Amino acid sequence: MCRRLAAGNAADYGPKLAASLNAWAWVRYEAQQDLSEALRATGETVEIYRKLVQSAQTQFLAPLREVLGLQAELLLRLGHLREAKDIRAWLAANE
């Protein structure tokens, strides 16, 4: 339902969808369950936040950085070291 609302009104519902996906991914990460699905959720969340950052950078940059940090951790746990390193490099360069 949240995806449908976000599709119709990304400005109002996109942040809610992104926050929900990020929370779901974090719970999966902490429980060490479905890490591949958690990674997929972080990918979707990053896409949403990147779009939102274009219109309101100061409001959505911190949540984008947070989800990218989680995404890097998931990538490490799944053995995708290069991708995790690239994300961490971006985070360091964009502090």
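Computed from a predicted structure; not experimentally measured. The figures here come from the full heavy-atom set of this structure, side chains too, leaving out hydrogens, waters and symmetry mates.
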Any heavy-atom pair between the side chains of Leu39 and Leu35 that's under 4.5 Å? no

Measure across Ala92 and Glu95 and return the closest heavy-atom pair with its distance rounded to 0.1 Å. O-CG, 3.5 Å

Quick one, Leu64 and Leu52 - any side-chain contact, counting heavy atoms below 4.5 Å? no

What are the two closest non-hydrogen atoms of Thr45 and Ala18, and how far apart are they? CG2-O, 3.4 Å

With side-chain contact (heavy atoms from CB on, under 4.5 Å) as the criterion, how do Asn94 and Arg65 come out once you've worked through the C-alpha distance, each side chain's angles and the decisive distance to 0.1 Å? CA-CA 9 Å; Asn94 293 281; Arg65 291 180 54 76; 4.3 Å; yes

Common cluster, Trp24/Leu74, ILVMFWY with side-chain heavy-atom separation under 4.5 Å: no

I want to check something: taking the side chain as every heavy atom from C-beta on, are Arg77 and Tyr29 in contact at a cut-off of under 4.5 Å? yes

If Ile, Leu, Val, Met, Phe, Trp and Tyr residues are connected whenever their side-chain heavy atoms lie under 4.5 Å apart, and connections chain through other members, are Leu76 and Val67 in the same group? no

How far does CD of Gln71 sit from CZ of Arg88, to the nearest 0.5 angstrom? 11.5 Å

Hey, are Glu37 and Arg40 close enough for a salt bridge, meaning a charged N less than 4.0 Å from a carboxylate O? yes

Taking every heavy atom of Tyr49 against every heavy atom of Pro15, the minimum-distance pair comes out as OH-O, 4.2 Å

Rounded to the nearest 0.5 Å, what separates atom CD in Glu66 from atom OG1 in Thr42? 12.0 Å

Supply the atom-to-atom distance Gln32 CD to Glu30 CD, rounded to the nearest 0.5 angstrom. 7.5 Å

How about Leu75 and Arg82: do any of their side-chain heavy atoms sit closer than 4.5 Å? no

When rounded to the nearest 0.5 Å, the distance separating CD of Glu44 from CG of Asn22 is 11.5 Å

Non-hydrogen atoms of Ala38 and Ala25 that approach each other most closely: O-CB, 3.6 Å

What's the shortest heavy-atom distance between Ile87 and Leu68, and which atoms? CG2-O, 3.4 Å

Should Val46 and Val27 be regarded as members of a common hydrophobic cluster, given that ILVMFWY residues are connected when their side-chain heavy atoms come within less than 4.5 Å of each other, either directly or indirectly? no

